[in-house]
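Quick caveat, the model's predicted, so the values are computed rather than measured.
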Amino acid sequence: MLSRTLAQSSTKPLFLAPRMTQCATLFSFRSPLQPPTERLYEGHVPISPFQRTLLAVGSAFAALHNPHRGDMIAALGESTGGIFLRRIRDQMLKDPEGRRILRERPKITSESMQLDKLRQLPDGIFGREYVRFLDDQQVSPDTREPVHFVDDEELAYVMQRYRETHDFYHTLTGLPVTVDAEIGLKWFEMVQTGLPMTVLSSFFGPLRLSSQERERLFNIYVPWALENGSNAKSLMSVRWEDWMERSVEEVQRELCVKPCPQV
Amino acid sequence: MATHILSSTARSGFGSRLHSVATCRLPLARSQLPHRISAIRVQSTTAQDTTAPEQYDVVIVGGGIAGSALACALASGKASSTQKIGLIEAFDLSSHAKWSPRPDQYSNRVSSLTPKSVAFLKKIGVWAELDPSRVAEMEGMQVWDGVSGARITFDAANATSTRSSFLHQVLSTSGLIGNPAADLEYRDSSFNDGSDIKSSPLAWMTENLHVQYGLQKQILGHQERGVKLDIFERTKVQGITVKQAYPTDADVSAPAGSTAADVSDWPVIELDNGKKLQARLLVGADGVNSPVRSFASIESLGWDYQQFGLVATLKVDHLTSTAPGNGVGIAWQRFLPTGPIALLPLNNGFASLVWSTTPKIAQDLKKLPASDFCVLVNAAFSASPAELEYLYKNIGPDGQPLVDFQQETEWRAGVQDMEAFRTAFGSSRTDAKPPKVIEVQENTRAPFPLRMRNSNSYVEDRVALVGDAAHTVHPLAGQGLNQGLADVECLARVIEQGLLSGSDIGNIHSLTPYSSERFLPNLAMLGTVDKLSKLYNTDLSPIVWARSLGLTAVDSMGPIKTEIMRFAMGLEDAPHSNRS
Ligand SMILES: Cc1cc2nc3c(=O)[nH]c(=O)nc-3n(C[C@H](O)[C@H](O)[C@H](O)COP(=O)(O)OP(=O)(O)OC[C@H]3O[C@@H](n4cnc5c(N)ncnc54)[C@H](O)[C@@H]3O)c2cc1C
């Protein structure tokens, strides 16, 4: 994987102008209008700090306006996530399973997950419940938005992985995909990872809820998220691919996540 | 003032069996003190004890580098060499003079000596005794933040680019710096071999044992030419007492030039071999747990860092360094959240390690197999703190690694190199890399507890403290021994001047100039080093950001960098009060 990306991008000019190498300190006085890097991986769009801010603010509003604009939510996370992605990566590096993920960089696709095989599993088994969720939502692991704006090859993978594993969280927690439940899940992730996207949407999000949804969010989902987010094993260091054949209860037990109370 | 050193027990002891010999006060049992000083046995001598103590002008307790250097300095002074001097050391001293190391081995205790210290060692004849092949010149320094990568580099040119620096000018016009003459004195005497200060290295690295060798050679020389310098080695100070208590609290210090008969307030030092010495001036050069300091009831405040400094002698491969000249003569220091790690240059591809880290990690590092230890040292200079944390966690209880250190670090280095190679952010791409460590010399890994202490005062009537007895500092700036040598230089000068002016050198008034000259500079150094150590002992984002901004800014500002260098090299004293 590593070498593939290298090979692909080596056809593009990799080396930076000497001007850039001179100010390669932490605080370089480069124009904020200039993108800091060349293209680092497939799908990468280098952007300047100025564009990054615009993108963050713009996508926050777009996501707020229409929570179904998945691309905007994704863009928001990417453009603000630098240090937080680093933090997740560091969390993963300290964990044997997290390290294995970083080293092997597995991808979650309908092919790699062998969805048809998972469908054959008995009810209550994690893999079975996971496909059931996908089928109910009529989504597939292949419809995830690829990463564009993260300026670091490994961190881009972390972001990618973060997106790819989101659906497992629903299976794990039993949370539905209603807007308030999604926000509840964001609270859970916020506690776990501190991703600014989740921070932003956990504060912006409630504004658009009905009073009934809001009540549910703050009486049920948020207390659950706060408790479980801090108790649970770091979910980014879970190699979900290896957990498909266990029962949902077992997975919950091992990862120290209590299912969310159903309404 | 003499009453200060007498205990209340002693004062109320009149008429009791203690009437003739007062015991010293129990060392600092006050509970508010963060650290109790280990008690020396308090001798309650009875009246039938008849051995008369032998009288000395100066008794130095502690034959570490500070104590031995003081003995040397006094023995080489015009007036002070006429004095009767005693030097007491719990361990062996004479064997140092026979030190004959193998050229392919280095002791693990190595210190950086600043130009100021070297000047002093030259002045007292010690430098000439040293073997130049075992003294390494430190030409440059690279110091960086392990969390953010922000870096500062120093070289000898920085330090000497302005002869009289900005800070010096401001302070001297405002009268804050006294004694510029003394400043010049060491400058001139230090470079009397013709070399200009401009070409001076930042520091000289050599083994503590090597300095001890030079000191003991000189001491032998002084003894041979008739200086009354008595060594009491392999014997411990067991108790320190004062013969007679003054019944009043009034200041009854003896007038200058008092007769030899008036020794009633001279402390008596009792050795565990039964020998007793009585001193006009008692100098504590007895290290961090100074018995002399306890005797004088001088409080010492401070704390233990939750850190150990692991030292080791290493072999490096200079071809792997990307620094100019393959990094020969460069000191490398990286601040990690667990403490700084430093690689200090020695000659012939050797280097000395000081790795400050948590007590647990220090113990684990000591047990690790040599090859894994080298991998980990190399990682500590390049890998992310998260990666290091993972490696530390994977040292088993028996010291064996639980994962393949080599493989794990190679993988991360690959990812990191690629990231640095492709990104304009992240300074590692242009930053020079230290040489790779390829070997650790057997039995040289040893952890030392790290502390910070400062005595409330360096003098009392008949007592002076020098070196670690007076102050102990975190080794991250390599200043402890240098501060001690500066104390010794100053105290020897003050004693010499006292003798020339005919005063009683044990009298507190004669000693005050020493204290006022040394106290503030030492305190400034302690404070600076302590703050640095605390500042870097975190990976909290706002702090990392602020300190990196600061470091990067300083790195690009020549004059300020020059200031720091000169301060660290002992070329610039911090402001201190004028001596009267
Ligand atoms: C890991 C580490 C690295 C360091 N690196 C540097 C460096 O690079 N540069 C630098 O300048 N400094 C450095 N230092 C500091 C330096 O080592 C000390 O400041 C210096 O050795 C102190 O010397 P001293 O003579 O004052 O005390 P000590 O060396 O502690 O000597 C005290 C002596 O008193 C004797 N003694 C104590 N009690 C009694 C008693 N009751 N009776 C008889 N004798 C007694 C002891 O045996 C001892 O020999 C470092 C320190 C550490 C821990």
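Within the model, atoms CZ of A:R89 and OG of B:S384 stand 6.5 Å from one another, a figure rounded to the nearest 0.5 Å. Rounding to the nearest 0.5 Å places CD of B:E389 at 9.0 Å from CG of A:D90.
Salt-bridge check for B:E408 with A:R103: passed, with a basic side-chain N closer than 4.0 Å to an acidic carboxylate O.
Within a 6.0 Å radius of CD in A:E245, other residues, nucleotides and ligands contribute 12 heavy atoms or fewer. Atom NZ of A:K258 sits in a sparse spot, with 12 or fewer heavy atoms from other residues, nucleotides or ligands closer than 6.0 Å.
Of all heavy-atom pairs between A:E154 and B:W411, the closest is OE2-CZ2, 4.5 Å.
A donor-acceptor contact shorter than 3.5 Å is absent between the side chain of A:K94 and the backbone of B:E387.
If you measure heavy-atom distances from A:R99 to chain B, the contacts under 4.5 Å come from both the backbone and the side chain.
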